[in-house]
Undergrad: 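Please read through the structure below; I'll follow up with questions.
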Amino acid sequence: MKRMVLLMLVFGGMMNTTMAEDWMAQLDDNTYWTQVSIPGTHDSATGDGWPGLTSLVGAAMAQTQDLSIEQQLACGVRAFDLRPCVSGNELVINHGILATNAKFANTMRQLCQFVSSHPSEFVVVVMRHETDGDSNSDKWADMISDCLNSDDILPQLATYRRDLTVGELRGKVLVFSRDSYGSQPVGAFVTGWGHQTDYVTASIRGTGRNIGTLYVQDFYEVLDNMTAKLNGIEKLLNFSTKNNVEQGTRHLVVCINHTSGYTQSASTNGNKDNAAKCNQKVIDYLAVDTQAGPTGIVMMDFAGKDRSGSYDVKGLELVNTIINNNQRYTPAKKADHSGIRQPDVDTEKSSPVYDLLGRKVQGLRQGTIVVDRQKIIKRSRQM
C-alpha cells in the first residue's frame, strides 16, 4: 500500500510538471496573444546563481528568483525579464552591477530550444541594457544585434504585429527590447517605460508599420508605500481584465503588471517581503468571480516557490492561478476565414454584431458577411 501511494505521488508530480510545460496547448489558435494571462518573472536570471565571490553579495542583496530559468519554464513561466550587459567579448545577464551565471546568448538558445521541443508554447522576452553593469558600453547594440540575428536563434524569433494570435506565436520567442540595437528590431522596440505608482502608456514599434501600445505598472521602490503598490497592481488588473469584452482594438494592447519590487531596502529580504504581499494581492483579486479576465503578463519575484526563507512568497500559487485564469473567461479572437466573420442569424435579434473595428452593425440581414470596413450582402436560402 505504501508503495502504491509513493508511485501515485511520483506520477502525480510528473503529470503536474508535464501539464505546466505544455499549458498553452489548451488555448485556441485564434485567440489574440494579448488576451492570454501569462506568468512572468522579474530579473529572471538571478535564479541561475552568481559567479565566484559575487554569490555572497548576490544572494543577500539581489536575489529575485529561487528557480533557474529552466525550472521556471518547467513550472509554467512564459515571460522573462533579461538584462544583458557587455563583459569582455560576451553578453552576461546582470541585476544591476552584479553579474549572474547566465549568458545572454545561452539563455536565448535555451528559450528557443524549449519552444522547439514544446511547439504548443511561446515565450515573451522583455530585455533592456543593464548599463550599471558595463558603464553603458557602446558595444552593446552591435553585440545584441549579432546575437539575435545568429543562425541558431533568429529562426525561432517572432516578428511583432499587434494582432498576433496564439497560433502564429506557437513555437516562437517574441522579443521586446526597451533599448534599441539598430534601426530595425527583431521583435519590437519599447519606448516610454515608466516606474510611477500608476500604470503608464508605452509605445511598441516593430518592423515597417507594425506599431502598438503597451501599458506597464513597474513601481519597484516600494519601501513603506505598499498601499500605492497594491493600488497600482489593482488598477492595471481592472483595466486588463476588461480587455476581452471591450470593443474596438483595446483587446490588442499589451499589459505588463509587476508584482515585483522591494520594501525595507534594496535587498533580497526586501524583495521577498514585497513578494509575500504583492503576489498574494493578485491571487486574491483573481479569486473573485466577477474579476475574471486577461491579466496580460504578470512579472513576479520568486515564481514557482510558495516559501522562500522565512517568507510566504506564494510564487507557485500565483503561477498556477494565472495559468488557470485562462479558463475563467472568453478571450477575444481573430475572426475565422481570413478576417471574415459570418454571424449566426438565429441569434441576431438577441445579440449585437460588431465588425472587426468594434463598430456595431445595424440592419443585419440573413446572408450578411461582416468584413473589416464594410457589409457585403449575399442573399441565399441557407447560411
Side-chain angles (χ1 to χ4, degrees), residues 22-40 76 78-79 115 118-124 158-174 176 188 204 206 210-215 236-257 286 289-298 322-348 350-361 364 368-376 383:
D22 298 289
W23 67 263
M24 287 182 166
Q26 66 190 317
L27 304 175
D28 190 305
D29 275 351
N30 289 327
T31 298
Y32 293 112
W33 84 271
T34 51
Q35 292 284 290
V36 182
S37 298
I38 301 174
R78 294 294 178 267
V115 294
H118 300 269
S120 64
E121 310 302 288
F122 66 84
V123 163
V124 180
T159 300
Y160 169 79
R161 292 194 333 268
R162 70 173 183 167
D163 62 345
L164 282 169
T165 63
V166 169
E168 292 171 317
L169 276 180
R170 292 194 196 278
K172 296 288 185 180
V173 177
L174 179 60
F176 291 109
I204 303 172
N210 289 306
I211 60 174
T213 302
L214 182 150
Y215 295 95
L236 188 48
L237 285 173
N238 287 341
F239 176 84
S240 68
T241 53
K242 302 299 183 292
N243 282 351
N244 61 315
V245 295
E246 295 290 341
Q247 298 301 321
T249 58
R250 178 166 151 180
H251 50 257
L252 300 179
V253 302
V254 178
C255 293
I256 303 181
N257 205 344
L286 294 178
D289 289 339
T290 57
Q291 293 173 166
T295 64
I297 298 171
V298 177
I322 293 168
I323 292 173
N324 293 334
N325 185 56
N326 287 289
Q327 303 302 311
R328 299 176 62 236
Y329 60 91
T330 301
K333 300 177 182 179
K334 190 171 186 177
D336 293 334
H337 310 302
S338 302
I340 299 176
R341 176 183 174 187
Q342 186 166 306
D344 184 352
V345 173
D346 293 336
T347 62
E348 291 303 332
S350 58
S351 300
V353 174
Y354 298 88
D355 67 14
L356 296 184
L357 294 181
R359 299 170 300 198
K360 189 173 181 180
V361 178
L364 195 64
T368 299
I369 301 175
V370 180
V371 192
D372 188 14
R373 294 183 179 276
Q374 60 184 326
K375 265 191 323 184
I376 298 176
M383 291 293 287

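As the structure is a prediction and not an experimental result, all values here were calculated from the model.
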Undergrad: Could you grab the distance from atom CG of Asp29 to atom NZ of Lys334, nearest 0.5 Å is fine?
TA: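 Atom-to-atom, Asp29:CG and Lys334:NZ are 12.0 Å apart.
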Undergrad: Run through Arg250, Gln35, His251 and flag the one making a side chain to side chain donor-acceptor pair (under 3.5 Å) with Asn243.
TA: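 Filter result, single survivor: Arg250.
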Undergrad: Side chains of Val36 and Pro331: closer than 4.5 Å at any heavy-atom pair?
TA: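 SC-SC contact between Val36 and Pro331 ruled out.
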Undergrad: Mind listing the closest non-hydrogen atom pair of Asp163 and Glu168 along with its distance?
TA: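 Heavy atoms only, the tightest pair is O-OE1, 3.9 Å.
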Undergrad: Asn244 and Thr330: which non-hydrogen atoms are nearest, and at how many Å?
TA: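 Taking every non-hydrogen atom into account, ND2-O, 2.9 Å.
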Undergrad: Between Leu174 and Phe122, does a side chain to side chain contact (heavy atoms under 4.5 Å, CB included) hold up when you go through it step by step?
TA: CA-CA 8 Å; Leu174 179 60; Phe122 66 84; 6.0 Å; no
Undergrad: With a 4.5 Å cut-off on side-chain heavy atoms, are Thr295 and Asn257 touching?
TA: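 No, every pair of side-chain atoms sits at 4.5 Å or beyond.
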Undergrad: Identify the two heavy atoms, one from Glu121 and one from Met24, that lie closest to each other, and give their separation to 0.1 Å.
TA: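 Looking at all heavy atoms of both residues, the shortest contact is OE2-N, 3.1 Å.
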Undergrad: Identify the two heavy atoms, one from Gly76 and one from Trp23, that lie closest to each other, and give their separation to 0.1 Å.
TA: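 Nearest pair, atom of Gly76 first, then Trp23: O-NE1, 2.9 Å.
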Undergrad: Within the structure provided, determine whether Leu252 and Tyr32 are in side-chain contact (heavy-atom separation under 4.5 Å).
TA: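 Yes, close enough: below the 4.5 Å cut-off.
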Undergrad: So which heavy atom on His118 is nearest to which on Asp22, and how close?
TA: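 Residues His118 and Asp22, closest heavy atoms: ND1-OD1, 2.9 Å.
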Undergrad: Below 4.5 Å, heavy atoms only, C-beta onward: do Arg328 and Leu286 meet side chain to side chain?
TA: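 Counting from C-beta outward, Arg328 and Leu286 do come under 4.5 Å.
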Undergrad: So which heavy atom on Leu169 is nearest to which on Ala158, and how close?
TA: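 Nearest heavy atoms, Leu169 then Ala158: CD2-CB, 3.5 Å.
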